[in-house]
There are 2 protein chains.
Amino acid sequence: MSATIYDIAKRCNCSIATVSKVFNNTGTISKKKREEILRVSHELGYIPSESARGLAKADKTTKMIGVLLHINDDKSIGHYLFSSILNSFRIVVEQYGYDVAFLSKIEEDSPYTYLDKVKSRGFDGVFVISANKTETKVKHLFESDYPLVAFDNPGSGCTLTSNNKEIVSELVDYLVSKGHRKICYILPQNKGIAKIRFEGFIEGLKRNGIEFDERMVIPGSYFTIDSVEKETDLALKSGIEPTVIMYPDDYSAVNAIPYLRKLGMKVPSNISVTGFDGIDIASVMHPSIVTVKQDAKSIGYEAAMALIKLINKEPVQKRKIVVPALICEGTSVKNIG
Amino acid sequence: MSATIYDIAKRCNCSIATVSKVFNNTGTISKKKREEILRVSHELGYIPSESARGLAKADKTTKMIGVLLHINDDKSIGHYLFSSILNSFRIVVEQYGYDVAFLSKIEEDSPYTYLDKVKSRGFDGVFVISANKTETKVKHLFESDYPLVAFDNPGSGCTLTSNNKEIVSELVDYLVSKGHRKICYILPQNKGIAKIRFEGFIEGLKRNGIEFDERMVIPGSYFTIDSVEKETDLALKSGIEPTVIMYPDDYSAVNAIPYLRKLGMKVPSNISVTGFDGIDIASVMHPSIVTVKQDAKSIGYEAAMALIKLINKEPVQKRKIVVPALICEGTSVKNIG
DNA sequence: CTGAAAGCGCTAACAG
DNA sequence: CTGTTAGCGCTTTCAG
């Protein structure tokens with residue numbers, strides 16, 4: 001098989017300890033010996049075995065981080081968001097010498113939990129990007145004192161989340177700054193993240209001195225083609241004659257545009273629209289959609305930095321890190337000021 | 001720290017060998033002993049250390065597969081395709097007991113290559129989803145005899161690829177079946193994958209008895225908003241009065257629709273369009289875009305099965321696996337038959 | 001059916 | 001500055 005420190009020690013007439021030391025930059029080795037060892041190692045194509053290292057090291061450290069990212073075929077938006085977060089996370093932790101591995105799915109009937117998996121692989125820390133909180137298998141992870149960082153999973157050790165409420169209120173600010181005051185908000189379901197966003201809407205109205213009118217809120221759902229048309233109808237007939245409709249996602253906003261045109265209204269000349277998510281097409285369409293995008297890059301970065309600190313047992317400032325989302329400007333909102 | 005086989009051996013009044021055997025289903029252990037060991041292990045929360053296993057096992061197997069997936073911030077389509085492939089790959093290999101880890105980026109000035117990384121981590125195999133072939137660091141990987149499967153990387157061990165040429169010719173078949181014969185094809189650049197697809201276009205024409213006319217081909221580029229408009233103009237003025245325009249990507253097709261409308265043509269009543277890639281929005285838009293989608297799920301599956309066979313030293317049927325892409329039907333093409 | 005013992009490749013005192 | 005030695009937790013003959 002591959003060369004080991006024994007091989008290279010023999011060739012260099014020294015002990016394996018010496019070889020180990022040069023590869024760990026520990027102890028003190030004469031420059032000459034160090035260079036010889038390095039050269040011979042290169043010749044023999046010697047590569048330290050991480051398994052052996054993991055075993056031998058006093059701190060049992062493997063320089064591997066586990067990522068919990070459940071896979072589901074649907075939900076492309078989440079999928080896209082998650083993999084963007086993962087990418088940016090990877091870039092950072094790799095810079096610090098960590099490799100990233102997935103925590104493979106554990107079946108309900110397995111005797112093991114994710115915590116077991118983490119221990120067995122000796123991961124130095126865990127990043128939970130997306131987990132089904134209802135699953136019992138993940139519970140232990142959160143309850144353990146393993147270095148752990150999670151996205152959108154309130155209640156765990158160190159948590160990352162977007163400022164969903166704040167950003168929606170800022171989107172209202174933006175609309176107001178463009179002269180809009182008659183705003184219709186499509187509310188998919190008043191719970192979870194949708195609820196938090198809706199609170200932002202209310203807050204935005206308040207901050208801008210716009211009196212809340214029940215008719216501004218159109219109950220609806222995340223995108224389906226039927227729902228968009230229905231909600232749009234309702235918004236137009238709400239009695240407040242909205243100058244802008246805030247849709248709950250970009251798909252809805254994108255599809256509202258041709259529907260509105262069919263009704264004889266052009267976006268943004270006659271009516272403005274906003275979306276949510278920041279899918280790629282939103283920015284290249286005509287008109288481009290004003291929308292909100294979670295800052296995947298920053299989320300990944302913050303998660304990485306926090307986790308590395310936890311691993312190194314350094315104090316981490318906040319238990320809950322809120323990453324500002326971004327308003328993506330576009331041409332789907334007209335300045336009617 | 002965690003319990004080891006020593007702890008559980010002591011508690012069960014047996015040797016560590018016995019414990020090891022029950023966890024590996026090797027040797028022959030009395031039912032009674034096995035159950036006792038299992039019970040005690042559970043009580044003590046014993047989890048085998050994969051590092052130690054990796055070291056001790058004769059075959060040096062780690063049940064870990066490395067994935068090479070370069071990260072770039074842009075290129076969302078590729079990004080989406082790659083992570084879809086990775087997802088489906090993960091699902092399969094995890095079913096076979098493998099964990100998946102990323103091969104972390106190796107800097108140009110590092111003395112190590114990806115092959116070194118793979119050896120050092122002891123990965124059982126490698127899946128190259130996206131690699132910069134020009135990079136010297138990856139060369140060694142392909143040249144080694146490590147179990148390896150690659151996507152779209154001709155010239156390597158076992159390669160996966162979509163039937164780019166075939167599928168475009170089939171798209172032509174589809175258009176012809178809808179009565180189209182005056183087809184404009186936007187050609188981004190006659191090389192690489194674009195070239196292969198263009199060959200499919202030519203083949204499709206031939207197969208359907210349509211004489212090739214130079215004016216059918218509009219030189220252009222992958223999506224930019226300017227290029228779409230320019231190409232569309234050129235297609236309309238080409239002199240062949242196309243009934244359908246084949247755009248090189250979905251972004252272009254999506255954006256062509258409002259532009260065509262501005263010119264007084266409605267899609268698909270007055271003119272049809274097709275895209276390429278199968279981005280999500282393509283199917284939910286109005287009209288929905290007829291497009292082609294690489295079958296990420298099958299690619300991931302085939303890659304997984306092939307790699308597992310390579311790892312097990314079983315014969316793998318084909319060195320080059322071609323995965324059929326999918327035509328996504330939609331309403332952007334009118335039946336003018 | 002079970003155990004003793006020899007490693008796997010490496011780190012980490014400790015001694016020189 | 002370098003070497004000796006004792007493990008890390010587990011697998012794997014080989015005896016019994």
Side-chain angles (χ1 to χ4, degrees), chain A residues 1-38 40-41 44-64 116-124, chain B residues 1-38 40-41 44-64 116-124:
Chain A
M1 230 12 235
S2 264
T4 72
I5 47 175
Y6 287 95
D7 301 319
I8 101 118
K10 201 178 297 171
R11 278 277 252 276
C12 295
N13 294 315
C14 65
S15 74
I16 59 165
T18 309
V19 179
S20 174
K21 278 168 194 154
V22 347
F23 277 97
N24 290 287
N25 283 315
T26 152
T28 58
I29 309 287
S30 71
K31 191 164 179 190
K32 193 174 152 219
K33 203 80 204 156
R34 136 175 260 99
E35 276 164 3
E36 181 188 1
I37 288 174
L38 252 18
V40 172
S41 300
L44 268 58
Y46 166 72
I47 303 295
S49 149
E50 293 298 333
S51 289
R53 272 196 169 154
L55 236 199
K57 280 205 281 200
D59 59 5
K60 296 275 170 276
T61 234
T62 57
K63 281 286 179 180
M64 270 253 183
D116 296 333
K117 195 119 217 165
V118 167
K119 281 187 180 169
S120 122
R121 285 288 184 197
F123 293 145
D124 296 342
Chain B
M1 230 12 236
S2 265
T4 73
I5 47 175
Y6 287 95
D7 301 320
I8 100 117
K10 202 177 296 169
R11 277 277 252 278
C12 294
N13 293 315
C14 65
S15 73
I16 59 166
T18 308
V19 178
S20 173
K21 278 167 193 154
V22 348
F23 277 96
N24 289 287
N25 283 315
T26 153
T28 60
I29 309 288
S30 71
K31 191 164 178 190
K32 195 177 152 215
K33 203 84 205 156
R34 136 176 260 99
E35 275 164 5
E36 181 188 2
I37 288 174
L38 252 18
V40 172
S41 300
L44 269 58
Y46 166 71
I47 302 295
S49 150
E50 293 299 332
S51 288
R53 272 199 168 152
L55 234 200
K57 280 205 281 201
D59 59 5
K60 296 272 169 283
T61 233
T62 58
K63 282 286 178 180
M64 270 252 182
D116 295 333
K117 194 118 216 165
V118 167
K119 282 188 181 170
S120 119
R121 284 290 184 195
F123 294 144
D124 296 342

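The chains referred to below are lettered A, B, ... by the order of the sequence lines, with proteins before strands, and numbering in each begins at 1. Predicted model, so just to flag it, every value in this text is computed and none were measured.
If you check every strand for non-hydrogen atoms under 4.0 Å, B:Ile5 touches a base. Counting non-hydrogen atoms under 4.0 angstrom, B:Asp59 reaches nothing in the nucleic acid. B:Phe23 comes within contact range of no nucleotide atom at all, as no heavy-atom separation falls under 4.0 Å. As judged by a 4.0 angstrom heavy-atom cut-off over every strand, B:Ser49 is placed among residues touching the sugar-phosphate backbone only.
Minimum atom distance to the side chain of A:Lys21 is reached by C:dA13, of the listed D:dG7, C:dA13, D:dC10. Checking D:dC10, C:dA5, C:dA13 against the side-chain heavy atoms of A:Ala17 singles out C:dA13 as nearest. Each of D:dC1, D:dT11, D:dT5 was ranked by its minimum atom distance to the side chain of A:Ile16; first place goes to D:dT5. The side chain of B:Ala56 has C:dC8 as its nearest neighbour among C:dG3, C:dT11, C:dC8. In this structure, the nucleotide among D:dT11, D:dC1, C:dG9 sitting nearest to the side chain of B:Asn24 is D:dT11.
A sub-4.0 Å separation between OP1 or OP2 of C:dT11 and a side-chain N or O of A:Arg53 is present.
Straight-line distance from the NZ atom of A:Lys119 to the P atom of D:dG9: 14 Å, rounded to whole Å. Summarising the geometry, the separation between CG on A:Asn13 and P on D:dC1 is reported as 19 Å, rounded to the nearest angstrom.
Side chain of A:Asn24 to main chain of A:Thr26: no donor-acceptor pair is present (N/O by atom type, distance under 3.5 Å, no hydrogens or angles). When atom types are taken as modelled, the side chain of A:Thr62 and the backbone of A:Gly122 share a donor-acceptor pair closer than 3.5 angstrom. When atom types are taken as modelled, the side chain of A:Lys63 and the backbone of A:Glu50 share no donor-acceptor pair closer than 3.5 angstrom.
Considering B:Asn25, B:Thr18, B:Thr28 in turn, B:Asn25 is the only one that fulfils the side chain to side chain donor-acceptor pair (under 3.5 Å) rule with B:Arg34.
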